[in-house]
Amino acid sequence: MRKLWVCSYGCQMNVRDSEEVTGLLLEKGYALTESEEQADVILFNTCSVREHAEDKVWSNVGALKELKAARPELIIGVMGCMAKAQRGKIFKRMPHVDFISGPAQLYQVPELIETIWEERKPMMAIQEKQRQEFQTISYHSGKVTALVTIMEGCDKVCSYCIIPYTRGPEVSRPPEQVVEEVRRLAAQGYREVMLLGQNVNSYGRRMSGEPFVLRQAQHERQRVTFPELLKRVNGVPGIERVRFITSHPWDAVEELFVAMRDLEHVCEHLHLPVQSGSDTLLERMRRGYTAEEYLGKLELLRRTVAGAAVTTDIIIGFPGETEADFEATVRLMEKARFDSAFIFNYSPRPFAAASRWPDDVPREVKDRRLQTLLKLQEQISCEKDQPYVGQTVEVLVEEPGMGRSRTNRKTYFGDQGVKPGDLVEVLVTRLRGHSLVGEIRPSTGSGRTEPTDSARTVFR
Ligand code: 5AD
Ligand code: SF4
């Protein structure tokens, strides 16, 4: 039996892609192994979003040179975004790699490995196109939560971003297929689904298998929007929670917020990357909104969905970022009061428009700005944590003594005989870092299939 070792970098999308390839190989009789040394096939599913992500791959794949020299029959594959972005360099810098394949060639990987077993020569499977189809592959590595890809690629043109190049234009998975997969997952015992896409809230603009250009009228008539998809997934019996990531502010419309409010199982958490608080930079980043427009959307969200948690991504040190631009980001963070934020140093990326502009913010200025924002966000996050104390939250148990609130807060409680997949209510008594700690309360039935008035008063 051939042994497989898979390592995934980057986003949740990559995690799901790795699960899909793993699932295909398990069906062919492979077995997973915990150790690289014992593997017959080693796969790296890579990320290109920042240079740092690529550096880790250069170093970790590079380190396998000796293992490959000792066991030449071992197959090493580099898949995903970096394989596509760095395809000209990978074989040159790492001749011990057997194949590289892009995100769109996911389903060809098993065949590729077979060919290499037979022919023993390096292969490159990278086409320019986006993913052509979505298969339903039953392997999922999560126990309670299953990742479900609903779309792939991106039609936005953010000037710093390599993703539209690596993953191609946006293409959505047919809604019937998504719902069918969610049904199967519920039957397998999953309680939560996380819907994945680069831009989930623009779902439905172009379905996979559809001609590239559809007549506008026909298109609009047929379109299943993201809120509509949420409604369908929400209706699948057995699924207690629906999450989704990532949303773009451009497509964050009232219809989505209303769906988040009205659909019982859809969690009150929105990850809405803002990237900057400076209108000048937002324009150069080609984000399609101003800081005020973004804040307006947040206000509408919070007015519509009581207790909604909002998280974000921010880039600092973008080309030409002045002190005034940075100050504008500080002000935005003070106004937006995110529950948490991922803050990144700008990293020039090949194929992204901004890579032609000088990366002119000095290292020490970037570092100082990063520290300032981290400190500010830490303070805001602590303030956002406080009101949970004394409240009852609905928790989906993930492992003994630990689960997550609907707003995605890690919550710890004494192990009182509940098991992963159970929904419990926890009275929060204190905080530990940014996690909640409390005791299980007898259930009032809130947050379940039958909404009660008390569900509205539970702090989410
Ligand atoms: N440099 C730094 N951060 C980036 N991101 C995307 N591209 C870059 C880049 N070139 C960040 C954005 C995005 C998140 C997934 O990664 O904040 O929302
Ligand atoms: Fe990249 Fe922007 Fe698309 Fe997100 S929306 S994947 S940041 S281009």
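Every heavy atom of this structure was used, including side-chain atoms; hydrogens, water molecules and symmetry mates were not. For ligands, and for the atoms within them, numbers begin at 1 and follow the listed sequence. None of the values given here were measured: they were computed from a predicted structure.
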For Q275, the ligand 1 atoms whose distance to one of its heavy atoms is below 4.0 Å | 12 (C), 13 (C), 17 (O), 18 (O)
Part of F344 with heavy atoms under 4.0 Å of ligand 1, whether side chain, backbone, both or neither = side chain
Part of I162 with heavy atoms under 4.0 Å of ligand 1, whether side chain, backbone, both or neither = neither
For E292, does the CD atom sit with more than 12 other heavy atoms under 6.0 Å from it, leaving out its own atoms?
-> no
Qualifying ring-ring contact (aromatic ring centres under 6.0 Å, His included) pairs with a residue from residues 79-105, counting only residues at least two apart or across chains = none
Among S355, A354, C161, S347, which residue places a heavy atom closest to atom 10 (N) of ligand 1?
-> S347
T246 touching ligand 1 at heavy-atom level, < 4.0 angstrom = no
So for I315 against ligand 1, with non-hydrogen atoms under 4.0 Å, the contacting part is side chain
For the pair Y346 and F318, name the ring-plane relationship: parallel under 30°, tilted 30 to 60°, perpendicular over 60°.
-> perpendicular
With sequence neighbours left out, what residues match F338 under ring pair (Phe, Tyr, Trp, His ring centres under 6.0 Å)?
-> none
Counting from 1 in the order shown, the ligand 1 atoms closer than 4.0 Å to a non-hydrogen atom of R349 are 10 (N)
Any nitrogen or oxygen of D313, main chain or side chain, under 3.5 Å from a nitrogen or oxygen of ligand 1?
-> yes
side-chain hydrogen bond (donor to acceptor under 3.5 Å, both in side chains) with S381: which of E378, K384, Q377?
-> Q377
Please work out which of the three classes, parallel, tilted or perpendicular, describes the rings of Y289 and H248, given edges at 30° and 60°.
-> perpendicular
If we ignore angles and hydrogens, is there a donor and acceptor under 3.5 Å between the side chains of Q275 and Y160?
-> yes
Best match, I343, D359, T312, N345: closest heavy atom to atom 2 (C) of ligand 1 = N345
